[in-house]
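Following: one structure in structure tokens, then a few remarks.
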Amino acid sequence: MAEYIPKYVGTITKYVFIESPSMTPGELALRAYEASEGVLIKETCFGLQLTGVPEAVDRLIDEIRSFDPTHIFVKDRGFPPGDPRRCRANLGGARPGYLGHEREFRILRYITRGLEELDRRGEDAEVPEAEVLREKRPLLDIKRLQELIETEEQ
Amino acid sequence: MAKVFIYPATSLILSDLVARFGHKPLGAALGIRERIQTAGVDSPPLQITPEEPKRGLKYAAVEVPSGVRGRMAIYGPLIEEAEAAIIVTDADLAFGCMGCARTDELILFSLRQKGMPILELKYPTNEEEGILFVAAVRKFLTSLPEEGEA
Amino acid sequence: MNRKVRIAQLTCGAEYSGVQKEIYDAAESVGAEMFFPDIALADVERAVKAFGLDVRSADLKLMIARGMALVEGKVEADGVFIGTCFRCAEAAIVRNELRRYIPENSKLPVVSYSFTERTTSGTLLTRMEALTTIARRRALLAREEQTGITMGVDSGSSTTKAVVMKENKIVGTGWLPTTEVIKSAEGAVAQALEMAGLARENIQAIGTTGYGRFLIGKHFGADLIQEELTVNSKGAVYLAGHQRGASTVIDIGGMDNKAISVIDGIPGTFTMGGICAGASGRFLEMTAKRLGIDITELGPLAMKGMGKNVPMNSYCIVFGTQSLVNALAAGSSPEDVAAAACHSVAEQVFEQQLQEVDIKEPVIMVGGTSLIEGLVYAMGQLLQTEIVVPPYSQYIGAVGSALLASGFVQEK
């Protein structure tokens, strides 16, 4: 059994996705490089991958988010950038996670819209919420039950 | 800062919103990162060795398929660590770490069993729902305690 | 070796079972490489709809989409490996349907397997080897006639067989129980040569197969070292005189069983396994021993008995032996017990393996166990067909090897 010696121990890697009309992934990368301070930056088709010690990456993320807060999205990545185990060139096809990103990428604009609208209305503004599916909701709405009983009786 | 388990655990949207509103998202990447950065027996691509499904016996019995137990070895400790959870229930196209429906059922059950604050909702399908989605997530996250072990 | 054989991997759970490396290793050891057909999310959505199997697991949807991309020729491959977690019903349905769908709609050879965390590259090796052989050696496998003087040696888990062939005829055979692998092979070869009236120097090409193929292949300086799935398929259709068209080959071996769906002498889909020796020739050997008879007497004895009179389930060799002992203690006749043992083994193969290949007639039984007529009868009853047992069926691997090895005669 072959021994495994990890690389990049103690670092974290985060994906930065940008879906913006005013900034391309290339422009994002340029501005990120200026603020990088030792964080490894890798450009991708959807944005960036940042690798470094946690504090440095988090600081850079805060900075990057400020470029275009409602169009930039961030998530953790388990692998360091360019890892051959996840590379499309080696696998023959995209890793499964890529298709998951595709799924969520389609609805990012709705999230952007939500963030913008909430920003506009301010922190304490009352906004109706999405239908919460489980938490503290009766199984059958009383009004709906009433309607059902009435229909049944007719 | 509360530790919030996100479901799907690979979600960009949930990971982003949880961090954006000041909490720590617990997702698949954390479990994978831990394995990728630990020395041991070489087991590409995810450094999940045949030992992991055995560790998964803590969460699922031996007659449960090995893939479920291997996945639970990643998620089990994260669920134990979680202080809250946000669940998107129509995440039918989350692949890889979330690609097994049986594991996903077990994850959801384990989360609901914990008696912690949980928000369950669906993906937005238009801009109006996008506003409601973000509003619900923000409200839920701001209701969580800010202190706690980060 | 020329370019690597590219095997498309359609699996669910391999990475999380910790066996992905085993799959990579098995492929690498036979000069193949695994790859994952590249598709987009829209392909998955379209494929799932078009295929019509509404599964919940996203990775199974991915498998379906990748399978369709292969069939539609959007992604090229030399072979397909389909694998899912053992004991997952949802995945088993997808695995089964894809295993049927891909060969029916393309020329791609397919092997399927259900793994646990204990699956090793060794277990997968023979299957991967067969896949790469079919992809790489189509020309060699197309051979329908033996030429020159060649020898085939089959080093099996129970017995070692050797055959000498000359101008499309079997001129010598040898047979010994496998004890020391090389010694047994030497002995079987000596017998075959003696019967043929030939010497080692007369042999123009040698082929080896079976568990000991690498060891004896090296020992004899073999021209062809080949796993038994392709070799037995070839040998079976050759001996049965059915080289063209579809057929099904069943080989109940000493340690594992093979069921191969063959088209024009080339395996299409195949399964190899046997959860326990209870479903193999080993159990029949034990039965004969317990009845105090030679294994060659078991078949005729079974034909005189009624299997239905004795409850027996050889899913596990220990429990199978227990029911055997119980039946004899309860006064069952040796004939009935022999018949029940044959029926039980046939039933196990039927339930565990024949469900995984499409049975097409003729069904050809080969290997040493095909000489146990009670077993052949039981299998015929289960499949409702007349089973073909060709001459020299016990030498199948050796004959197939000698036949294929003659492809190397001209090269010398």
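A, B, ... follow the sequence lines: proteins, then strands. Residue 1 opens every chain.
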request  = Keeping the roles fixed (side chain from C/Ser57, backbone from B/Ala101), state whether a donor-acceptor pair exists under 3.5 Å.
outcome  = yes
key: Structural part of B/Asp42 lying under 4.5 Å from a heavy atom of chain C   = both
Other residues, nucleotides, ligands: >12 heavy atoms within 6.0 Å of B/Lys54 NZ = yes
Atom of B/Pro44, atom of C/Lys21 and distance for their closest heavy-atom approach = CD-CD, 3.4 Å
task = Please look at C/Val48 and chain B and tell me whether the side chain, the backbone, both or neither of the residue comes under 4.5 angstrom of a heavy atom of that chain.
result = neither
ask   = Is the number of heavy atoms from other residues, nucleotides or ligands within 6.0 Å of CD (C/Glu45) greater than 12?
value = yes
query = Around C/Glu28, counting heavy atoms of other residues, nucleotides and ligands shown, do more than 12 lie under 6.0 Å from its CD?
reply = no
ask   = Which one, C/Ser17, C/Cys85, C/Ser114, leads in non-hydrogen pairs under 4.5 Å with chain B?
value = C/Ser17
key: Partners passing side chain to side chain contact (heavy atoms under 4.5 Å, CB included) against B/Ile48 (at least two apart in sequence or in another chain)   = B/Arg35, B/Leu46, B/Glu52, B/Ile74, C/Tyr16
query = Looking only at heavy atoms, which of residues 61-70 of chain B get nearer than 4.5 Å to chain C?
reply = B/Val62, B/Glu63, B/Pro65, B/Ser66, B/Gly67, B/Arg69, B/Gly70
request  = Determine which residues belonging to residues 88-101 of chain C lie within contact range of chain B, meaning some heavy atom pair is under 4.5 Å apart, and list them by number or answer 'none'.
outcome  = C/Cys88, C/Glu90
message = Sub-4.5 Å heavy-atom contacts with chain C: which residues of residues 84-97 of chain B show up?
response = B/Asp92, B/Leu93, B/Ala94, B/Phe95, B/Gly96, B/Cys97
key: Heavy atoms of other groups near B/Lys114 NZ, more than 12 under 6.0 Å   = yes
remark   = To the nearest 0.5 Å, atom CD of C/Glu15 lies from atom CD1 of B/Ile32 at 8.5 Å
Residue B/Ser43 versus chain C: region with a heavy atom under 4.5 Å = both
message = Surrounding CZ of C/Phe319 (heavy atoms of other residues, nucleotides or ligands, distance under 6.0 Å), is the total greater than 12?
response = no
